[in-house]
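Naming convention: chains lettered A, B, ... in sequence-line order (proteins, then strands); numbering from 1 in each chain. For clarity, every value in this text was computed on a predicted model and none was experimentally measured.
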Number of protein chains: 2
Amino acid sequence: MRNVNERELPGTGRGRIDKRSAILDAAVKVFTREGYAQAGIDAIAAAAGVAKPTLYNHFGDKENLFRVVMRDGAERTANRIVAALASLPDDGQDLAAELERVAHRVVECQLSDEGWALQRLLYAEASRLPDLYDQVVARGSQPVQDVLAGRLSSLANRGHLDLDDPAVAAAQFIALVSGNLPGLSALGTRPVAPADLATAVRTGVDTFLRAFGTPRRRPARRP
Amino acid sequence: MRNVNERELPGTGRGRIDKRSAILDAAVKVFTREGYAQAGIDAIAAAAGVAKPTLYNHFGDKENLFRVVMRDGAERTANRIVAALASLPDDGQDLAAELERVAHRVVECQLSDEGWALQRLLYAEASRLPDLYDQVVARGSQPVQDVLAGRLSSLANRGHLDLDDPAVAAAQFIALVSGNLPGLSALGTRPVAPADLATAVRTGVDTFLRAFGTPRRRPARRP
DNA sequence: CTGAAACTGAACTCGCGAGTTCAGATCGGA
DNA sequence: TCCGATCTGAACTCGCGAGTTCAGTTTCAG
């Protein structure tokens with residue numbers, strides 16, 4: 001049998017390609033498909049095309065592997081959303097349409113298989129691994145809210161929005177726009193009709209603008 | 001030893017008191033404390049003061065027991081919330097304060113240990129038991145939204161709110177008022193400072209009234 | 001009083017999965 | 001060419017937990 005150093009067989013997966021990232025990719029898939037408890041180390045190793053001891057060499061144990069997977073996933077998702085937010089222009093041109101466009105992108109990240117799965121995994125294990133929750137928030141939702149708050153603040157400064165507190169507005173924007181998603185997609189276990197999605201986003205943005213749109217006066221604060 | 005039909009010893013739990021409900025009570029506690037996978041049938045039986053075969057006689061297997069627990073829990077929680085909503089008056093007297101009061105009650109149900117635990121369990125097992133999700137929604141969130149929509153609609157008919165669609169407004173009210181809860185309480189794993197809770201509720205109601213309060217005109221629909 | 005139904009407790013089966021061990025293969029670098 | 005690090009595969013340990021079995025007990029209706 002001649003040596004096969006010129007190419008790796010994809011299935012068997014021998015060679016010096018990054019075992020570590022292969023394991024992480026496989027772990028994401030298996031964890032998100034099966035859940036933490038149901039996911040088997042054997043299955044992950046097999047999916048990664050790697051021997052079990054290799055996996056243990058890299059990650060120590062199952063729980064630690066899970067932590068790394070969650071942190072990476074949160075960061076990846078957050079980066080995608082932040083990139084989408086960065087494309088929100090500062091001039092108030094067609095503000096409603098722009099907000100809808102951005103909201104769509106944000107919402108799509110949550111609707112992705114990975115997004116939902118990460119959220120479910122986080123909920124499921126939050127009480128067992130409270131520190132993990134903090135880390136995921138720090139790398140995930142926090143930066144998203146901060147960036148969004150910044151954009152909204154820009155718009156407010158130029159008179160296109162009427163806000164008291166950009167951070168609150170950012171949180172409420174996200175709540176309004178994605179509050180219906182769990183129901184629509186049954187926590188991500190069912191596909192969402194694009195029309196339903198569009199409606200959800202539109203009504204969310206509508207209400208946001210009813211509250212914070214600039215042509216309108218805001219109601220007097222109650223005593 | 002004289003007969004003890006006048007009273008059961010609470011600890012040992014012998015006698016004809018409802019074994020079934022004793023098991024359910026214990027199951028709620030153990031499932032919510034440990035999560036589905038970690039919860040042991042032995043632990044549940046022990047907590048219920050019941051022998052394992054009795055448990056299996058009543059519920060067949062672990063998964064079915066879990067289903068019953070979740071359905072019951074959803075119904076119980078929904079009933080509490082609905083009761084709170086029913087106390088929302090129809091006259092617009094001090095509308096903001098009344099909305100806040102109701103929102104507080106709604107939010108407290110989600111903040112309760114059982115509320116959070118049920119939500120985490122639902123998220124965790126939704127992909128494995130999709131039908132369960134439907135049932136929980138049908139007995140849990142759906143009635144709540146319907147009742148709330150009814151109350152809001154009443155208020156709108158009397159000119160105290162300015163709504164297009166009461167169902168949408170109800171969903172958005174809940175989203176605005178409880179959107180911050182996961183972050184505040186770290187998915188229910190940490191206590192929430194009453195002041196933070198009050199702020200979250202107040203800002204949610206504020207924004208809701210900015211969007212739907214009656215003195216204001218609603219922004220023109222965009223093309 | 002009696003017999004059926006429900007309950008008990010303890011021991012048992014059985015499969016699963018996390019983590020380990022080890023002898024050998026493979027690779028990169030010097 | 002050779003060393004050390006890394007990877008492999010397969011077999012193994014070990015504990016855990018779901019579900020069962022069974023012989024004996026309690027309860028209650030008739």
- Message: Do the side chains of A:Glu98 and A:Arg101 get close enough for a salt bridge, i.e. N-O under 4.0 angstrom?
- Response: yes
- Does NZ or CZ of A:Lys62 lie under 6.0 Å from the centre of the six-membered ring of A:Tyr36, at an angle within 45° of the ring axis? yes
- Message: Using whole Å, what does the distance between atom P of nucleotide D:dA18 and atom CZ of B:Phe66 come to?
- Response: 13 Å
- Query: Rounded to whole angstrom units, what separation is found between the CZ atom of B:Phe59 and the C1' atom of D:dA18?
  - Reply: 17 Å
- Apply side chain to side chain contact (heavy atoms under 4.5 Å, CB included) to the pair B:Phe31 and B:Leu118, showing each step before the final yes or no. CA-CA 9 Å; B:Phe31 276 134; B:Leu118 289 175; over 6 Å; no
- Query: Of A:Pro53 and A:Asp42, whose nearest nucleotide on DNA chain C comes first from the 5' end?
  - Reply: A:Asp42
- Item | Residue met sooner reading DNA chain C from 5', once A:Ile41 and B:Thr54 are mapped to nucleotides | B:Thr54
- So what does A:Ala43 hit on the nucleic acid, given a heavy-atom distance under 4.0 Å: a base, only sugar-phosphate, or nothing? nothing
- Query: Which is true for B:Ala46 with a 4.0 Å heavy-atom rule: it touches a base, it touches only sugar-phosphate, or it touches nothing?
  - Reply: nothing
- Within this structure, what is the CD-to-P distance between B:Glu34 and D:dC16, rounded to whole angstrom? 14 Å
- Whole angstrom is fine here: how far is it from CD in B:Gln38 over to P in D:dG15? 17 Å
- Looking only at N and O atoms, is any donor in the side chain of B:Lys62 or the base of D:dG17 less than 3.5 Å from an acceptor on the other one? no
- Message: One thing to verify: whether A:Glu34 and B:Arg128 come together as a salt bridge, which I'm taking to mean a side-chain N less than 4.0 angstrom from a carboxylate O.
- Response: no
- Item | Whole-Å gap separating P (C:dC7) and CG (B:Asp18) | 9 Å
- Query: Between atom CG in B:Leu55 and atom C1' in C:dG9, what is the gap in whole Å?
  - Reply: 14 Å
- Item | Nearest listed nucleotide, side chain of B:Tyr56, among C:dT21, C:dC7, D:dG19 | D:dG19
- Task: For A:Asn57 and C:dC22, give me the distance from atom CG to atom C1', rounded to whole Å.
- Result: 13 Å
- base_contact_polar (C:dG9 base, B:Lys52 side chain, donor-acceptor, <3.5 Å): no
- CG/B:Asp113: more than 12 non-hydrogen atoms of other groups inside 6.0 Å: no
- Query: Can you tell me how far P of D:dG17 sits from CZ of B:Phe31, to the nearest Å?
  - Reply: 13 Å
- Just to confirm, is there a sub-4.0 Å distance from OP1 or OP2 of C:dA6 to any side-chain nitrogen or oxygen of B:His58? no
